[in-house]
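Data first, discussion second: the structure below is written as structure tokens.
Remember, it's a predicted structure, so these values are computed and weren't measured experimentally. Indexing begins at 1, ligand by ligand and atom by atom, following the structure's order.
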Amino acid sequence: MDTFICQNCGAEHTELPSLSFNAPFHYDILDPADKESLADKDDDFCVINHKDQIDYFIRVILQIPILDHDETLDYGVWVSVSKETIDDYRLIFSAKEAEEKSYFGMLCNEITDYEISTIGLYMQVSCQLNGYRPLLIPYESEHPLVQDWSNGISRDEAVRRVNSVT
Ligand SMILES: [Zn+2]
């Protein structure tokens, strides 16, 4: 693993990997046959064709700032969006020139670092001009995830979260 001497605190750190979900929760809970017949998923887009409705998801990044460090703990997560949004985002995604755009989405992964469910949290989805996946900006809320996004977490806490999944 890559380690480096931190410019901020002088300690030796390991680069924090991002914590990623391969699919939205709503895909994970489908049985294998339904995944095959109802869902269409790749690394960035997921569509689930239920009988009565179609659900659209895109993959994005949630960055939690780390206190006193120029570093973030990154969660690779999925948000549900409208058909209009996914159509528009597909155009941006495939275009060579990035566009400054933002959408509305709802978080669709259970981040188990929080005792209160994270599914359904309201998010602004902000496209990045550098071609990376869009960043989430949570709507104001008392939810601890949103508080962490606003206030930051300690580096020790970030390391604890990374280690808890490996
Ligand atoms: Zn440090």
Side-chain angles (χ1 to χ4, degrees), residues 1-29 41-46 57-81 85-86 88-90 92-166:
M1 275 210 255
D2 290 336
T3 60
F4 62 97
I5 303 297
C6 180
Q7 299 299 312
N8 300 100
C9 70
E12 187 175 71
H13 293 326
T14 304
E15 295 246 15
L16 293 170
S18 56
L19 303 175
S20 292
F21 294 85
N22 291 327
F25 172 78
H26 308 71
Y27 175 88
D28 287 335
I29 59 174
K41 191 187 89 65
D42 62 21
D43 289 342
D44 289 274
F45 298 90
C46 178
F57 308 89
I58 62 174
R59 184 159 161 196
V60 296
I61 304 168
L62 177 70
Q63 294 188 314
I64 305 290
I66 297 177
L67 294 168
D68 305 319
H69 286 77
D70 301 328
E71 212 183 356
T72 54
L73 177 63
D74 292 1
Y75 288 97
V77 292
W78 294 77
V79 289
S80 66
V81 295
T85 291
I86 200 169
D88 196 71
Y89 178 59
R90 276 186 201 279
I92 289 183
F93 188 84
S94 57
K96 298 217 162 52
E97 280 173 44
E99 257 187 273
E100 205 161 334
K101 279 227 172 170
S102 70
Y103 307 115
F104 174 76
M106 284 190 283
L107 189 58
C108 285
N109 290 109
E110 198 66 273
I111 300 177
T112 54
D113 296 311
Y114 299 97
E115 285 178 16
I116 307 170
S117 175
T118 55
I119 291 176
L121 285 172
Y122 286 8
M123 298 285 165
Q124 185 186 324
V125 180
S126 178
C127 292
Q128 301 199 75
L129 296 175
N130 55 13
Y132 286 100
R133 291 188 172 111
L135 293 179
L136 292 185
I137 301 170
Y139 281 59
E140 249 181 70
S141 162
E142 292 301 312
H143 192 287
L145 179 146
V146 180
Q147 294 301 307
D148 283 353
W149 182 85
S150 304
N151 302 326
I153 60 174
S154 70
R155 200 173 195 286
D156 286 349
E157 169 63 13
V159 169
R160 193 193 62 73
R161 292 186 188 186
V162 167
N163 288 337
S164 75
V165 294
T166 52

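Inter-residue side-chain proximity for P134 and Q128 is flagged as unmet; no heavy-atom pair is nearer than 4.5 Å.
Between the side chains of Y27 and N22, not a single donor N or O lies within less than 3.5 Å of an accepting N or O.
Around the Zn ion (ligand 1), the protein atoms of type N, O or S found under 2.8 Å away are C6 SG, C9 SG, H13 NE2, H69 NE2, listed by chain and number.
D44 approaches R133 most closely through the heavy-atom pair OD1-NE, 2.7 Å.
Under the side chain to side chain contact (heavy atoms under 4.5 Å, CB included) test applied with I66, the options V159, L16, T72, D156 reduce to a single match, L16.
Using a 30° and 60° split on the angle between ring planes, F45 and F93 fall in the perpendicular class, above 60°.
When ring centroids are compared, Y75 and F21 stay outside the 6.0 Å threshold.
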